[in-house]
Q: 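First the structure, then my questions, so here it is.
Naming: A, B, ... by sequence-line order, numbering from 1 per chain. Any value given below was found using the heavy atoms of this structure, including those in side chains, with hydrogens, waters and symmetry copies removed.
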Protein chains: 2
Amino acid sequence: MARREKYKFPKPTIERLSYYFRALEDLSKRGIDTVSSDALGTKLNIKSSQIRRDLSYFGDFGKRGMGYDVKFLLKELRYILGLDREWPTIVIGAGNFGTAMAHYSGFKKRGFDVKAMFDIDKDKVGSKENKVPTLHMNDLDKFIKENKIEIAMICVPETAAQEVTDQLIKNGVNGILNFAPIALKHDKEIRCLSVDLTTKLEAIAYYMSYSKDKLWKIFS
Amino acid sequence: MARREKYKFPKPTIERLSYYFRALEDLSKRGIDTVSSDALGTKLNIKSSQIRRDLSYFGDFGKRGMGYDVKFLLKELRYILGLDREWPTIVIGAGNFGTAMAHYSGFKKRGFDVKAMFDIDKDKVGSKENKVPTLHMNDLDKFIKENKIEIAMICVPETAAQEVTDQLIKNGVNGILNFAPIALKHDKEIRCLSVDLTTKLEAIAYYMSYSKDKLWKIFS
DNA sequence: TAGATTGTTAATCGATTAACAATC
DNA sequence: TAGATTGTTAATCGATTAACAATC
């Protein structure tokens with residue numbers, strides 16, 4: 001089938017494409033140049049039919065009887081995921097967490113280039129101990145424009161998150177990864193994804209405290 | 001309806017219960033003692049019927065015509081989520097990210113009490129600059145037993161994550177929150193949840209690079 | 001050709017939602 | 001009582017999966 005356009009696919013598909021991409025990178029590094037959906041599925045704990053279905057939303061990448069060419073599929077997924085370019089990124093909030101995010105090498109490797117951290121605390125501004133510079137929030141608007149920032153990670157306390165979001169959007173940042181535990185209100189045209197770490201731990205606590213006294217079950 | 005037992009519910013429900021809990025805490029703090037599913041839904045961007053359905057899996061908490069008693073529902077959700085106790089927790093990997101996790105006050109507030117960080121790097125061990133002590137991996141087994149550790153956060157590089165997981169499970173830790181970008185293999189009886197931060201940024205990149213040349217759409 | 005593995009379909013499974021009787 | 005809002009049902013919507021014809 002020719003590459004499909006305007007075709008809809010399930011939301012979880014994009015996340016799985018990321019997993020496929022990473023697994024293929026690993027295979028490529030190990031000198032493997034062909035892989036079947038079955039082998040890839042075993043590696044990732046994902047059903048082979050799921051993998052074939054996910055890929056088929058975007059094109060015909062395999063060869064019947066042969067599987068997928070690792071390097072070719074990598075190139076295609078890189079294009080689909082938008083990883084064939086650099087994404088100028090900033091981090092708002094230079095606390096423990098923001099600093100960790102700014103220096104995480106996994107982001108850089110994928111083209112997410114953190115240009116600076118921002119904070120309202122003057123003591124944090126200008127710090128030389130980190131590779132990524134820390135600037136004052138007063139300089140945010142100017143910096144975004146001059147460096148054509150497209151993506152921001154919000155690592156500020158809950159109380160400041162909405163205000164920061166508004167400021168980012170006003171300055172044309174339209175990709176936001178939010179770590180503050182709050183549902184941000186925003187214009188539909190921007191891409192905002194929230195990661196709520198406390199909620200994850202709470203889910204674990206739920207499952208662990210599940211006992212004879214609490215017999216609720218979850219589906220499947 | 002009396003509290004239902006052995007009733008199954010959708011997987012996303014638990015995560016939403018966390019959001020309800022947090023929103024109710026906020027209402028309680030502001031002195032509001034009754035809330036309708038509609039008001040709660042507006043606050044959280046969740047449909048009121050979804051909220052009522054989620055809650056109904058666990059019991060009858062509301063009063064028709066009146067809504068929900070905030071304090072009562074908080075107490076019930078605290079019990080359901082297992083937040084009515086302390087969870088002795090450790091962090092494996094004392095890098096930027098692990099240190100940030102160990103010191104995040106939001107976890108402590110919910111009963112996730114981080115007792116120590118562990119690392120193989122002797123330079124990091126014994127550091128006094130942090131409130132949470134850093135110990136050497138050699139002391140892990142003993143520490144887990146002596147402190148009855150139940151939950152661990154894995155903040156080590158991808159290459160070490162599986163080995164660490166095996167060691168944790170062998171020592172009886174059965175709640176794991178994994179931040180290494182790898183699908184951990186483990187016994188079905190433990191509760192393991194992975195958070196893949198790179199994948200989240202990649203999803204944003206996908207949506208942002210969506211353009212005239214790339215007309216794939218997602219459902220809804 | 002025979003064997004392998006794709007791409008696609010149709011069936012199944014799971015989750016959300018609107019609607020409304022019940023009832024405070 | 002009249003109005004409000006729950007708890008629950010049934011319908012709809014979305015996602016996964018097994019199965020298999022197509023084809024390398």
Side-chain angles (χ1 to χ4, degrees), chain A residues 1-5 7-17 19-20 24 27 32-70 72-73 76-77 80 203 216-220, chain B residues 1-5 7-17 19-20 24 27 32-70 72-73 76-77 80 203 216-220:
Chain A
M1 194 201 70
R3 176 167 286 172
R4 306 198 216 196
E5 298 199 348
Y7 206 93
K8 292 192 164 194
F9 54 87
K11 264 178 275 187
T13 292
I14 281 295
E15 190 168 339
R16 285 193 298 263
L17 292 187
Y19 297 143
Y20 305 158
L24 288 162
L27 292 173
I32 294 161
D33 43 39
T34 283
V35 71
S36 67
S37 57
D38 199 58
L40 195 59
T42 301
K43 192 174 160 75
L44 288 167
N45 271 324
I46 293 176
K47 294 227 160 43
S48 64
S49 54
Q50 176 86 81
I51 294 177
R52 294 198 300 279
R53 192 97 166 73
D54 282 340
L55 295 175
S56 76
Y57 290 115
F58 298 92
D60 280 3
F61 302 123
K63 285 213 178 12
R64 286 162 202 246
M66 309 295 287
Y68 299 87
D69 182 277
V70 171
F72 174 69
L73 188 49
E76 293 290 311
L77 287 177
I80 292 166
W216 311 298
K217 297 210 169 109
I218 60 160
F219 284 135
S220 86
Chain B
M1 194 201 70
R3 176 168 285 171
R4 306 198 217 196
E5 296 200 349
Y7 207 92
K8 293 193 162 194
F9 55 86
K11 263 178 276 186
T13 291
I14 281 294
E15 190 169 337
R16 284 192 298 262
L17 292 188
Y19 298 143
Y20 304 158
L24 289 163
L27 293 174
I32 294 163
D33 41 39
T34 283
V35 71
S36 68
S37 58
D38 199 57
L40 195 58
T42 302
K43 192 173 159 76
L44 288 166
N45 270 325
I46 293 177
K47 293 225 162 42
S48 64
S49 53
Q50 177 86 79
I51 295 177
R52 294 196 302 277
R53 192 92 164 79
D54 282 339
L55 294 175
S56 76
Y57 290 116
F58 298 93
D60 279 2
F61 303 122
K63 286 214 176 17
R64 288 166 200 243
M66 308 295 287
Y68 299 86
D69 182 276
V70 171
F72 174 70
L73 189 50
E76 293 291 311
L77 287 177
I80 292 166
W216 312 297
K217 296 211 170 108
I218 60 160
F219 285 136
S220 84

Q: Whole angstroms only, please: what is the CG-P distance between A:D54 and C:dT8?
A: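 Going from CG in A:D54 over to P in C:dT8 covers 13 Å.
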Q: Would you say the side chain of B:Y20 lies within less than 4.5 Å of the side chain of B:L73, judging by non-hydrogen atoms?
A: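 They are not in contact (no side-chain heavy atoms under 4.5 Å apart), so the answer is no.
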Q: Rounded to the nearest 0.5 Å, how far apart are CZ of A:F9 and CG of A:D54?
A: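 These two atoms lie 9.5 Å from each other.
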Q: Rounded to the nearest angstrom, tell me the gap between atom NZ in B:K8 and atom P in C:dC13.
A: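 These atoms are roughly 12 Å apart.
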Q: In this structure, how many angstroms lie between the C1' atom of C:dG7 and the CG atom of A:D38, rounded?
A: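 One finds 15 Å between C1' of C:dG7 and CG of A:D38, rounded.
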Q: I'd like to compare against my own output: the B/S/- annotation of nucleotides 17-24 of chain D with a strict under-4.0 Å heavy-atom distance to protein.
A: BBB-BBBB
Q: Indicate the atoms forming the closest heavy-atom contact of A:R16 with A:I46, along with that distance.
A: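 Shortest heavy-atom separation between A:R16 and A:I46 comes out as CD-CD1, 4.0 Å.
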Q: Within this structure, what is the CZ-to-P distance between B:F61 and D:dT8, rounded to whole angstrom?
A: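 Whole-Å distance recorded here is 11 Å.
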Q: Nearest whole Å is fine: how far is C:dA15 C1' from B:K11 NZ?
A: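 Whole-Å distance recorded here is 11 Å.
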Q: In whole Å, what is the span from the CZ atom of B:F9 to the P atom of D:dG7?
A: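 Computing the B:F9:CZ to D:dG7:P distance gives 17 Å.
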Q: Answer with yes or no whether the side chains of A:R52 and A:S48 bring together a donor and an acceptor at under 3.5 Å.
A: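 There is such a pair between these side chains.
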Q: Does CG in A:D69 sit with more than 12 non-hydrogen atoms of other residues, nucleotides or ligands closer than 6.0 Å?
A: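 More than 12 heavy atoms, drawn from other residues, nucleotides or ligands, come within 6.0 Å of this atom.
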Q: At under 4.0 Å, does any side-chain N or O of A:Y68 touch on OP1 or OP2 of C:dG7?
A: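 Yes, because at least one side-chain N or O of A:Y68 sits under 4.0 Å from OP1 or OP2 of C:dG7.
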Q: Please figure out whether B:S36 or A:P10 has its closest DNA chain D nucleotide nearer the 5' end.
A: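 Taking each residue's closest nucleotide, the earlier one in sequence belongs to B:S36.
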Q: Can you list every stem that DNA chain D is part of, counting only runs of 3 or more consecutive Watson-Crick or G-U wobble pairs with both distances under 3.5 Å?
A: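 C:3-24 with D:3-24 - these are the stems of 3 or more pairs that involve DNA chain D.
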Q: Check this one for me: any side-chain N or O of A:S37 less than 4.0 Å away from OP1 or OP2 of C:dT6?
A: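 Indeed, a polar side-chain atom of A:S37 lies that close.
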Q: Indicate whether OP1 or OP2 belonging to C:dA15 is found under 4.0 Å from a side-chain N or O atom of B:R16.
A: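 It does not, given that no N or O in the side chain of B:R16 lies less than 4.0 Å from OP1 or OP2 of C:dA15.
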Q: Whole Å only: how far is the CG atom of A:L40 from the C1' atom of C:dT6?
A: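 So the CG-C1' distance, A:L40 to C:dT6, works out to 14 Å.
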Q: Identify the heavy atoms of A:L55 and A:F61 that sit nearest to each other, and give their distance.
A: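 Heavy-atom minimum between the residues: O-CE1, 3.6 Å.
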Q: Drop me the distance from B:S56's OG to B:I51's CD1, to the nearest 0.5 angstrom.
A: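 The CD1 atom of B:I51 is 12.0 Å from OG of B:S56, to the nearest 0.5 Å.
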Q: For the side chain of A:P12, starting at C-beta, report the closest nucleotide among C:dT8, D:dT16, D:dT5.
A: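 Nearest listed nucleotide: D:dT16.
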Q: Give the rounded distance in Å between these two atoms: OH of A:Y57 and C1' of C:dT6.
A: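 Computing the A:Y57:OH to C:dT6:C1' distance gives 16 Å.
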Q: Quick one: are B:L24 and B:Y68 in side-chain contact, heavy atoms under 4.5 Å?
A: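 Contact flag for B:L24/B:Y68 side chains = no.
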Q: Within a reach of under 6.0 Å around NZ of B:K43, are more than 12 heavy atoms found that belong to other residues, nucleotides or ligands?
A: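 Enclosed.
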